[in-house]
Amino acid sequence: MPKKKVIEMKNVCKEYTMGKVKVKALCGVTLDVYEGDFIVIIGPSGSGKSTMLHLMGALDKPSSGKVFINGKDLQTLDDWGLAMLRRKFIGFVFQSFHLIPTLNALENVMLPLEPTKIDDIEKIKRAKELLKIVGVEHRMFHKPTELSGGESQRVAIARALINDPKIVLADEPTGNLDSKTTMQIMDTLQKMNKEKNKTFIIVTHDLSLTKYGNRILYIKDGLIDKMEER
Amino acid sequence: MFKTALMNLQRKKLRTFLSVGMIAVGVLAIILMTALADGLFLEIKNTISQVQGIIVFERSAYGPIYAQTDEKIVYELRRMPGIKKATPVITALTRSIDGKETPLGSMSMTGTIRLFGTVFEKSGQTVGGVTGEILKGRNLQPGEKGSVVIGEGISDDYRKFVGNKIKINDKQFVIVGVYRTGSKLFNYGILMDIDELRDLISFPKNKVTQISVELENPENSEKMAKLIKFKLGDNYRVVSSSQFTESLSGVLGNIRLLVMAVASIASLVAAVGILNTMLMSVMERYKEIGILKASGWTNGTIIKMILYESTIIGVFGGVLGLMFGVLIADYLYGKIPVRLYISPALAIESFLFAVLIGLFAGLYPAWKASKFDPIEALRAE
Ligand SMILES: Nc1ncnc2c1ncn2[C@@H]1O[C@H](COP(=O)(O)OP(=O)(O)O)[C@@H](O)[C@H]1O
Ligand SMILES: [Mg+2]
C-alpha cells in the first residue's frame, strides 16, 4: 500500500525583506513527506532549517512555490485557516521549551485544547496519558521552574501531542540538553513515531542524531544539498 | 477560557490589584457624587412637597425670604373664588440661639434656622402652607405671645424640650411644642406669632415676606397661579409648588449630568491605566502568545482571552467600588445632612460602566496581541 503524503513542498522559496535588501532564506525546495516518516533536517546555522520547518508547520506561507499540508494549499488560507490547520494536524516542539511559568505541567499540556469544545475531563485524561507516555507523570503538578531541562522538554512534547496531530515538528529540541538527556528525548520521540505512526520532522545541527531518521535532509544555503533514505 | 484569564491575572497580583483599584475608585467617584446629587434632589423635593398650594410675594425679590410684600393683598386673595385660605407669613433666619451665632447663608443646609411667623388659628395648622404634626406639647394659640413651637431638628441639636426656655436673637421664649415635617430643612424652623416675629426682626409694618395660599382644589394649582397673577398684576410673583419642583428638577438634572461627567473623566483615567497595564502584560507574554498561536489558537481566541482578562478587572473593580460606595453611604447616613441615595439604577449603571471600561480598555491590547507573529515571538531566544 502506498504511503499517504502529509506534506508536499513544490519548488518553495522564502524571502525576507530587511529594509530594501532581500534575503533568500530558502530557495527551490521540493519535498514530499509521508505518514510515519521520521525526518532529520541537518545543516549549519542560518542555512534555512527553521524557515523550512515553519513552512511545513503552517506558521508561514512561501514567497513562491507551493506547500500542501494534508492536501491543503497554504496559499489559499488566511490567518484563521492556518491556525485551524495547526490545531488539527500539527504539534510544535522548540529548543527552549516555551512552557508557561505559572501553569503546572498538566495545565501546560492542556493549553492547546483550551479553544476547543473538548470537555475538561477528557482534556485531563488525555494530558495525563501523554505525560505518562513521555515519562513525567510523577511531575505533573510541578511548575516549569521545578522541572529539569529534560523533564521540561518531555512536557513540551506531551503538549505538542495533545491535539493528536499527524505531524510533529521540532526545532532543535535537544539544543539545550546534555548528550544523555538528548538520547532519552530522541528515544521518546522515536517511540511516539513507531507506536502512534505520527510523522516527525526534527531540525538539528547535531550530526549524531541522524541515526534516528528514516530520511536525512542536509540543508545548505537554503537548498536541500543531499537526502539520505534508509 | 475564563479560568485561564483568571489565572493570568493572578500572576501579577499587585498589578491586577492596582488596576482593579483604579476602576473601583472611578466607580466610587461616580456612585458617591451621583448619590449626593440624587440625595440632595430627594431632600429638596421632599421639602417642596411640604409646601402646598401657592405662595405669592413681591416681584423684585430673589425669593420669598428676601421679599417685602404688602400684607393687604391677603384680603384681595381671600375674596377670590377657589381659594380656601390666604395666610400672611414672615420668614427670616435667626442670628443667634441662646447667644450662640447661627449661620446666615440661606442656602446652607446645616445650622441655618428659619423663623416662621404667621397667624395661628384654632384649626391648628403648623405654619402657612407647610404640613406637619405636633410631636410634643401643643401648637400656638391665635395671638399667643412669648411662646414658640420648635422643629424636631432644633429640639435634637440644642437638646430643647417642651417647657424649656430658648433665647432667639435677643429675646427669651418658652417652648410650648415640638413639630415635625417630612423635610429636614423645615424641621429646622421655629414658629411664632407673626407680630412677635415682626418685632423681633424689626420687619416693616403692614409688610410680610409672602402670602401662603391654600386652594379648595389643590390639583388646580397651575391654573389658579395664572389666575392670581392676572388679578394681582406684574408686581407679584406667584409660584405653585409644582412649578417649584419642575424648575428645581431641571437645575438638579443638570447638576447630576455634570457630576456624572466629572466622575466619568475620573473613570476614563482609570481606563487609560488599565489599557497601559494590559498592554504591558501582553508585551511580557510575547513568547507565550506566540506558542499559543503556534499550537492552534486563532487570533480570535487570543483576543477573547485578553478581553476576558480586562473585563474581569472591570467586574472586580465595579463590585469593589459599589461595595465601598454602599458602605460609605451607610456610614455617612445621619452624619451628614444629606442622605447619599444609591438607587438600584445608579448601582447597575455604575457597575456596567466599570465592566464596559474594562472591556474597552482591553480592546487595543487584545488586538495587538492577536497580531503577534508566532515566528518572531518564538525566535527571540
Ligand atoms: N524574519 C527574518 N527577517 C530577515 N531575515 C531572516 C528572517 N528569518 C530568517 N532570516 C534569515 O534567513 C536565513 C535562514 O534562517 P533560519 O531558517 O532561521 O536558519 P536556521 O534555522 O537554519 O539557523 C538566515 O540568514 C536568517 O538570517
Ligand atoms: Mg533555526
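Chain letters run A, B, ... following the sequence lines, proteins first, then strands; residues in each count from 1.
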Check whether [X] gets within reach of chain B through its side chain, its backbone, both or neither, counting any heavy atom under 4.5 Å.
X: A:Leu103; answer: side chain
X: A:Asp120; answer: side chain
X: A:Leu111; answer: both
X: A:Pro101; answer: side chain

A:Phe68: ring-ring contact (aromatic ring centres under 6.0 Å, His included) partners, not counting sequence neighbours =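 For A:Phe68, no residue satisfies ring-ring contact (aromatic ring centres under 6.0 Å, His included) once neighbours in sequence are set aside.
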message = Run the salt bridge (charged side-chain N to carboxylate O under 4.0 Å, His left out) test on A:Arg139 and A:Glu137 for me, step by step, so that the C-alpha distance in whole Å, both residues' side-chain angles and the decisive distance to 0.1 Å come before the verdict.
response = CA-CA 5 Å; A:Arg139 308 289 277 163; A:Glu137 194 195 18; over 6 Å; no
Going by heavy atoms in the side chains, are [X] and [Y] under 4.5 Å from each other?
X: B:Tyr331; Y: B:Leu327; value: no
X: A:Asn70; Y: A:Lys5; value: no
X: A:Lys66; Y: A:Val12; value: no

request  = Can you label the angle between the B:Tyr308 ring and the B:Phe2 ring as parallel, tilted or perpendicular, going by 30° and 60°?
outcome  =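 Ring orientation, 0 to 90° scale: perpendicular.
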Side chain, backbone, both or neither: which part of [X] has an atom under 4.5 Å from a heavy atom of chain A?
X: B:Met7; result: side chain
X: B:Lys304; result: neither
X: B:Thr301; result: side chain

Identify which of [options] forms the greatest number of heavy-atom pairs closer than 4.5 Å to chain B.
options: A:Thr51, A:Ile162, A:Leu85, A:Asp79; value: A:Asp79
options: A:Ile100, A:Leu59, A:Leu113; value: A:Ile100
options: A:Met84, A:Arg159, A:Lys88, A:Arg87; value: A:Arg87

query = Does atom NZ of A:Lys128 have more than 12 heavy-atom neighbours, drawn from other residues, nucleotides or ligands, at distances under 6.0 Å?
reply =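 Incorrect, the count does not exceed 12.
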